[in-house]
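Read through the structure below, which is laid out as structure tokens, and then see the notes.
None of these values were measured; they are calculated from a predicted model. Numbering of ligands and ligand atoms starts at 1, following listing order.
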Amino acid sequence: MSSYDYIIVGGGTAGLVLAARLTEDSSKRVLVLEAGEDLTADARLSVPAMWPTLLNTDADWKFKTVPQAGFNNREIAFPQGRLLGGSSALNGLSFTLSSKANVDAWAKLGNPGWDWASFSKSQAKSYTLTSESAAGTSGSGPLQLSFPKDTDNQWPKIWQQTIATLGFNKDGNPYTDQICGPIFVADAIHPATKTRSYAVNAYLEPARDRQNLTIVTKAAVEKIIFAKNGDAVTAKGVRYTKDGADLTATGTEIILTAGTINTPKILELSGVGDARLLAKLGIDVVIDNPNVGENLQNHPLCGLSFQTLDSEETMDGLARQDPTALQAAMAAYGQQLGPFARSGTNAAAQLPFPGIQSVEGKAEVEDLITKYIAANSGGNTSFAEAQADFVRSVLTSTEEPSGYFMSFPGYASFNQDGTMAPPPAGTEKYFSIALMLTHPLSRGSTHIKSASPTSTELDIDPRYFSHPLDIEVLSRHLRFIESIAKAEPLVSHLQDGGKRNTAAESAGNFLAAETGLEQAKNYLRQTAVGAHHFTGTCSMMAKELGGVVDSKLRLYGCPNLRIADASIIPLTPKANPQATVYGVAEHAASIIKGEV
Ligand SMILES: Cc1cc2nc3c(=O)[nH]c(=O)nc-3n(C[C@H](O)[C@H](O)[C@H](O)COP(=O)(O)OP(=O)(O)OC[C@H]3O[C@@H](n4cnc5c(N)ncnc54)[C@H](O)[C@@H]3O)c2cc1C
């Protein structure tokens, strides 16, 4: 049995950043234990557009929520990476920074050193964005980002001009400025090779040969081994299984980076969590902290697809596996172009509460806030009040987005259970607009249901739309999609009276004066899903507010155990979270090394 300075549990997005940074000091021995396999050579991983083929395979934890009352009791399936590189190895590649307001709100929860000014410096250490535009290069880190090279793809321009028609500034740079309006989002795709840039090739490969780094894959950590001396608790090591053998590793410090669902699972299995739950499951309580597994946050996601003119170029042929479209896409990829070489969600927009610029819009948002935030505040914990304050500041601002829109030239819809739906049979072509609520107030939880480490049954309950303001805001943004689809130049590329995605066909007119809003809400309850953006279950904040770790990421009650993945994020980022997770891991490495 070997002993290490640091044992990193989970070789995913954050875990590999920490492995690389901590082994820069050759005197520190680091062990990484990763439950999944190393699929580095697999084309499903490296070719950007192939990531959906990894979902529902052994490279995916294949989680599922409990029935969601706010989603008409649907259970929503969702993937999380179970392979070296974690979710960075199978995510949708979109690289979006969160906002200054969001991160500054983390600091206010009792987290000195986690304001935007400090955090954004750490985040910039993770990526390099190469851009041929006037914006130049930003960031200085190992992750290589790029924009698609295609010059014959008209859709991003159409999108940008359409959002500009609706009154938004189209010249903002989301990597250097805090902006509302149309944005062009970079991909985690290497500009030279047009292959996925992620935690393995960006962080691990340059460090893999270091003598002080040991990576073990197919090693599933079952629990943390603690020692108790009076009230003092010390983490001594971890118990894990590999190839059927029960093994133990010991270390001076343990760092949990198993992700938003598995990190609290490991803590609870190890006796850290709500004493009542643990006692019920027959687990000895080491640290009683009912906040473990709570504060689960995620973006509700919905969308609409509109039939385009037959003459338009879209991705529908490819989605229907038309051999000609497939061949063309493969040939284009040979030139580092086309749909295989990009995420497909580059043309996006971050927009404020619809109508906030007008007197009526301001009054509408104030009414909603008074009705739903004030009405709820009586029973709120103080975290809920802090969260409501933050959301109020977003909703009442013309500069902060409450809706994040992604445009996509092709059919994009979800099955009832949250998995992607193929386009309907036929030859129709579509343009889709997907929409996320940037800062939901609804919060849920994830907990174990059994003391068995091998049980995959978890009680994952995001409680989508449990806060009534969420559906009020999202339904208004959904109506705004109708306004986008009616604006020039986009409207000229869509069929007048054309088809929509199947669920929208019978959903009614969201813009109808009397009934539209209610129809939009019904559509959301029937069709919304969760994005793959879970955060918050081991939140970094004062313990009395609901915290699990302090601002140095130390577990309350056990200072030599840290958590440094998406689970520590107390208020979910504005949109796709990977940039924020890389930033968290870089910041964590600096804290551990005593650099900040
Ligand atoms: C399908 C999908 C698409 C996404 N698309 C985007 C996108 O386009 N843009 C974006 O910004 N974000 C996206 N995300 C979200 C983003 O990828 C994640 O938020 C981020 O990668 C989470 O990083 P993490 O380090 O917290 O967890 P992960 O990267 O998931 O790492 C956790 C690691 O721990 C391992 N592990 C878990 N339990 C154990 C155990 N018991 N023992 C050993 N190892 C264990 C896991 O196998 C995994 O490798 C997407 C996520 C998914 C799943």
Side-chain angles (χ1 to χ4, degrees), residues 7-18 32-39 48 51-52 54-56 58-63 77-98 145 185-189 196 198-200 216-224 238-242 255-267 269-270 298-299 301 343-346 348 406 418-420 436 453-454 456 530-538 563-569 572-585 588:
I7 298 178
I8 296 175
V9 177
T13 315
L16 294 184
V17 173
L18 279 150
V32 178
L33 297 171
E34 166 53 45
E37 285 187 61
D38 181 353
L39 296 181
W51 63 269
L54 280 169
L55 308 184
N56 243 333
D58 285 349
D60 176 5
W61 287 91
K62 303 181 201 119
F63 290 122
F78 67 92
Q80 294 282 283
R82 187 180 197 273
L83 70 170
L84 195 62
S87 299
S88 79
L90 51 60
N91 70 19
L93 304 146
S94 225
F95 197 87
T96 327
L97 307 187
S98 196
L145 312 183
V185 178
D187 295 325
I189 296 178
R196 176 183 292 271
Y198 70 119
V200 173
V216 186
T217 53
K218 299 206 279 183
V221 172
E222 301 204 321
K223 64 190 285 191
I224 300 151
V238 297
R239 211 179 70 199
Y240 66 101
T241 59
K242 180 166 170 65
I255 304 171
L256 282 183
T257 50
T260 299
I261 305 298
N262 280 312
T263 286
K265 175 184 172 185
I266 294 168
L267 284 178
L269 287 170
S270 312
N298 193 9
H299 301 120
L301 170 69
S343 69
T345 49
N346 308 91
M406 290 166 285
T419 52
M420 289 295 290
M436 289 189 290
T454 51
T456 50
H532 308 316
H533 299 165
F534 289 97
T535 54
T537 52
C538 295
I563 304 177
D565 56 20
S567 71
I568 67 101
I569 297 172
T572 209
K574 176 180 68 187
N576 314 58
Q578 68 168 328
T580 308
V581 177
Y582 280 109
V584 163

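Side-chain N/O atoms of Thr217 and Asp38 include no donor and acceptor closer than 3.5 Å. Between the side chains of Thr535 and Thr572, at least one donor-acceptor pair of N or O atoms lies under 3.5 Å.
Listed by number with element, the atoms of ligand 1 under 4.0 Å from a non-hydrogen atom of Gly10 are 34 (O), 35 (C), 44 (N). Contact atoms of ligand 1 toward Gly81: 46 (C), 47 (O), 48 (C), 49 (O) (distance under 4.0 Å to a heavy atom of the residue). Against a heavy-atom cut-off of under 4.0 Å, Ala219 is close to the following atoms of ligand 1: 42 (N), 43 (C). Which parts of ligand 1 touch Gly86 is read off a 4.0 Å heavy-atom cut-off, strictly below it: atoms 29 (O), 31 (O), 48 (C), 49 (O). Heavy-atom proximity to Ser88, at under 4.0 Å, picks out these atoms of ligand 1: 21 (O). Within ligand 1, counting atoms from 1 as listed, the ones closer than 4.0 Å to a heavy atom of Ala14 are 25 (O). Listed by atom number, the atoms of ligand 1 under 4.0 Å from Trp61 heavy atoms are 36 (N), 37 (C), 38 (N), 39 (C), 46 (C), 47 (O). The Gly12 neighbourhood of ligand 1 comprises atoms 29 (O), 31 (O), 33 (C), 49 (O), with distances under 4.0 Å to a heavy atom of that residue.
Here the shortest heavy-atom distance to atom 28 (P) of ligand 1, taken over Gly259, Ala59, Ser87, Pro79, belongs to Ser87. In the candidate list Glu222, Met406, Lys265, His532, His532 is nearest to atom 52 (C) of ligand 1, counting heavy atoms.
At the top of the distance list for atom 9 (N) of ligand 1, counting protein heavy atoms only, stands Ser94 O, 2.8 Å. For atom 13 (C) of ligand 1, the nearest non-hydrogen atom of the protein is Asn91 CB, 3.7 Å. Taking atom 42 (N) of ligand 1 as the reference point, the nearest protein heavy-atom neighbour is Val221 N, 2.9 Å. Scanning all protein heavy atoms for the shortest distance to atom 45 (C) of ligand 1 gives Ala35 CB, 3.8 Å. Regarding atom 23 (O) of ligand 1, its nearest protein heavy-atom neighbour is Thr13 OG1, 3.2 Å.
By the 4.5 Å heavy-atom criterion applied to side chains, Val238 and Ile266 are not counted as neighbours. No side-chain heavy atom of Lys62 sits under 4.5 Å from any side-chain heavy atom of Arg82. You'll find the side chain of Trp51 stays beyond 4.5 Å of the side chain of Asn91, heavy atoms only. No side-chain heavy atom of Leu54 sits under 4.5 Å from any side-chain heavy atom of Asp60.
Contacts of Thr535 with ligand 1, taken as heavy-atom pairs under 4.0 Å, are absent altogether. Neither the backbone nor the side chain of Leu84 comes within 4.0 Å of ligand 1, counting heavy atoms alone. At a 4.0 Å heavy-atom cut-off, ligand 1 touches Asn576 through backbone and side chain alike. Using a 4.0 Å cut-off between heavy atoms, Thr345 makes no contact with ligand 1 at all. Under 4.0 Å from ligand 1, not a single heavy atom of Thr260 appears.
Residue-to-ligand polar distances place Gln578 within reach of ligand 1: an N/O pair is separated by less than 3.5 Å.
Note on ring orientation: taking the six-membered ring where Trp is involved, the planes of Phe78 and Phe63 are tilted (angle from 30° to 60°).
Distances from ligand 1 to the non-hydrogen atoms of Thr96 include no value under 4.0 Å.
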